[in-house]
Amino acid sequence: MTETAILNKPRFMREEPRPAITPAQEAAIPLWIAEGPAALADIRAAAFNALRKTGLPHSGSEDFTFIRVGEFLPHLGPPAESAPERSGDRSPAAAEIESQLVAEAAEAYLVLIDGTYHPELSRPGSGFRISTLSRAELAAEARAALALIASQETDAVASLAMIFSRDPLVIQVEAGSVPGSPLLLLHFHTGSGVRSDSLIIYHGAKLSEAVLLVRHSTLADSATSANAVATGSMENVQTVALLDEGASLKFLEAGASGSGESTLIRDIHFRKLAARLERNSRLLAVSAHTGSRLTRNSFSVDLAGEGAEAEINGATVLTGNRQSHNFIRIRHLVPHCVSRQLFKSVAADQSRSSVDGTIYVAKHAQQTNAYQLINNLMLSDEARADSKPQLLIHADDVKCSHGSTSGKLDPAQQFYLESRGLPPAQARALLTIAFIAEVLGKADKKGFRAVLDRALLDTLKNRLPAAAKGVSHG
Amino acid sequence: MATADYMLEVKDLHATIGEESAITQILKGINLSVKAGEVHAIMGPNGSGKSTLSKVIAGHPDYTVSKGVVLLNGENILELEADERSRKGIFLGFQYPVEIPGVNNAEFLRMAYNQKRKAEGKEEADPLDFEEILDARMKILDMDDRYKERAINEGFSGGEKKRNEILQMAILDPALAILDETDSGLDVDALKIVAGGINRLRGPGKAIVLITHYQRLLDYVQPDVVHVLSGGKIVQTGDKELALEVEKKGYDWLVK
Ligand SMILES: Nc1ncnc2c1ncn2[C@@H]1O[C@H](COP(=O)(O)OP(=O)(O)OP(=O)(O)O)[C@@H](O)[C@H]1O
Ligand SMILES: [Mg+2]
């Protein structure tokens, strides 16, 4: 089937019913677990159990409402060649690493190739304890929290990341420690035509405070690139953040580097941030993307200790026939927690975006304060943006609000700008850029913000009329 | 009299809002002539059409002119878009300035300033030169540097928004300024500052139309002509004594 044919397929058309997981997987995964490092076995086993319960995604899967499962299903199953070390086929050159650095973290960055941590290419900075799960001294509570997340997972793709990630990177910040600079995670993907799974674990101990910056890029011209162009590849990256009492984490992620139109479009990106927040801990996440053939950004946050606060923000600028789908689950498990979500997307051409976000408030989670806003802006009639905000509230004393808007720019704002002499095209460009810049502004690290600006705003400016060229953003 | 003597001429202006089944006639035959160098005040009861008149002159797309013309220096401007009218020298100070999150105030002012320069056939201003111009204007209006960092009107108090309108006017240096209740929401000190800003614009080549409910602005900016607008028409025109009379007696005696 051609790509357009796939895009034109009516939504919700039934796919062939599929078995929960294939017999081949049933057989291969326990073997993979048994042969792997013993220290990983419990987490992998928990994830495998969850996967068996959930089964592989199918067209009726609630977790994939706006995604055509058939577009990525062929990529699931065990990675083609699980056994040999595949990563390292192609390593980023010094200049390639250099090009990904940002001012705030020039001395503190970790290089991952297809999810595998490469210490010889990294500079761990100070204040962060870096290891991998097979040898990490992870506190018992953190390990238990990780196992809990693995066992409760209902997203098959996330379970696969937990099962097949080779030796997950573990980043720890000690109690009371506040590293002087952010830590930059550089994900290099070799795009080798197959799936790569990775798990990154962050543990912030009591009253620690840290900033993680995350960038993804695809290494060009790897040996297998001809194959990769034909089939595309699938990157499946899951980050688990475990925040102890009073810990604070800023997690700022840039979907892809630059505003490149060519290489990344063929790839499928699955990204997930799963977080568990204990008493009085705080999480701020900003995730900015330009999509790909299929991008799915998932956030799953458990507010598990009173006084915890989570703010999750997403910005997407889509052109061509790119897709980006956001999937958010915020669970208020205890009283007195706060969650805020702001998701904005601009969809041009024939691109597609969606936000499927649910706030769940448990029965005893009184005094919950939860807020969710989804704003979509369509630059073309063929673009499409779906929103599905949802509240599932079982407590009675809560303050929850959600809303979604889809459409055009505010005519009153447009008239205001035009009444000061700005031509309509320039006024529209300014407002469109401002629309997205509101989310990017929450990434308050200058160098990293510049990365986001280049990726999203430059893409936008290229799409807007020439009048936008003079538009800057501050 | 020669048309060109007037900076602004509004002749038998009728305007409506809404479409098809829900058309409302708001302006019902306005006549107004303002010479260069003059300051006119327009007063009138709530809902009489003052803001509508100002927005129709500025080119707001929601209104339809069903009859009449608006001339600027003898040229009919009704066919022009709002941005073109602005670049021809019309400035509207809004009664309710909108907030525009994400668009930096100073950046926006520079873009507007450069559009004006382009229209005059001049080169774009160097950012540093513009900064100097901006700083000077802000100082006169007693605005501190924070305004430059902030988004347009976002989180501004009512008075701050009005001051920001006057700042924009001072930067664009329009031929015709229509200020719609710029005095509302200002305390006395702010009123004096804003009035000072308006008086600085006053001059032989400039015309100013002040829409106001209160005499106190007119104490600081003395009008040459005062009009009372009611029910979509100008029902009375006089000198500055008319404003004092309105303040004392209200509008009832003017409205049948
Ligand atoms: N969108 C609309 N549809 C229908 N009528 C409208 C609309 N907008 C304004 N009007 C009406 O037009 C009339 C004139 O409004 P306008 O804002 O011009 O009055 P105003 O003289 O400026 O009043 P104020 O002193 O309160 O500012 C009012 O009766 C108002 O209700
Ligand atoms: Mg009004």
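Because only heavy atoms are used, hydrogens play no part in the values below, and waters and symmetry mates are left out as well, while side chains stay in. What you see is a predicted model; the values in this text were computed from it and never measured. So that the names make sense, note that chain A is the first sequence line, chain B the second, and so on, each numbered from 1.
- No salt bridge links B:Arg150 with B:Glu99; every basic N to acidic carboxylate O contact stays at or beyond 4.0 Å.
- Between A:Lys442 and A:Glu311 there is a salt bridge, with a side-chain nitrogen of the basic residue lying less than 4.0 Å from a carboxylate oxygen of the acidic one.
- Contact of B:Pro174 with chain A is not made at all, since no heavy-atom distance falls under 4.5 Å.
- By number of non-hydrogen pairs under 4.5 angstrom with chain A, the leading residue of B:Lys88, B:Met169, B:Gln115 is B:Gln115.
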Next item on the list: Show your working on ring-ring contact (aromatic ring centres under 6.0 Å, His included) between A:Phe327 and A:Phe299 and close with a plain yes or no.
Entry: CA-CA 6 Å; A:Phe327 184 83; A:Phe299 302 87; 10.0 Å; no

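- For the pairing with B:Thr182, the side chain to side chain contact (heavy atoms under 4.5 Å, CB included) check across B:Val221, B:Leu210, B:Leu217, B:Ile166 returns one residue only, B:Ile166.
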Side-chain donor-acceptor distances from residues 372-383 of chain A under 3.5 Å, at least two apart:
unit_1   : atom_1 : unit_2   : atom_2 : d
A:Gln372 : NE2    : A:Gln341 : OE1    : 3.0
A:Asn375 : ND2    : A:Thr405 : OG1    : 2.6
A:Asn376 : OD1    : A:Ser345 : OG     : 2.8
A:Asn376 : ND2    : A:Ser387 : OG     : 2.9
A:Asn376 : ND2    : A:Ser406 : OG     : 3.3
A:Ser380 : OG     : A:Asp349 : O      : 2.5
A:Ser380 : OG     : A:Glu382 : N      : 3.0
A:Ser380 : OG     : A:Ala383 : N      : 3.1
A:Glu382 : OE1    : A:Gln350 : NE2    : 3.4

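- Residue contact with chain A, scored on non-hydrogen atoms closer than 4.5 Å, involves the side chain of B:Ile152 exclusively.
- Contacts with chain B were tallied for A:Leu417, A:Leu422, A:Asp410; A:Leu422 has the most, counting heavy-atom pairs under 4.5 Å.
- For B:Asn105, no part lies under 4.5 angstrom from a heavy atom of chain A.
- B:Leu172 touches chain A through its side chain: at least one heavy atom from C-beta onward sits under 4.5 Å away, while N, CA, C and O do not.
- Using a 4.5 Å cut-off between heavy atoms, A:Gln413 contacts chain B through both its backbone and its side chain.
- When B:His60, B:Arg87, B:Lys55 are compared by the number of non-hydrogen pairs under 4.5 Å with chain A, B:His60 comes out ahead.
- Salt bridge status for A:Arg420 with B:Asp83: absent, with no side-chain N to carboxylate O gap under 4.0 Å.
- B:Tyr113 and B:Phe130 have tilted rings, their planes meeting at an angle from 30° to 60° on a 0 to 90° scale.
- Counting heavy-atom pairs closer than 4.5 Å to chain B, the top residue among A:Ala427, A:Pro411, A:Pro424 is A:Pro424.
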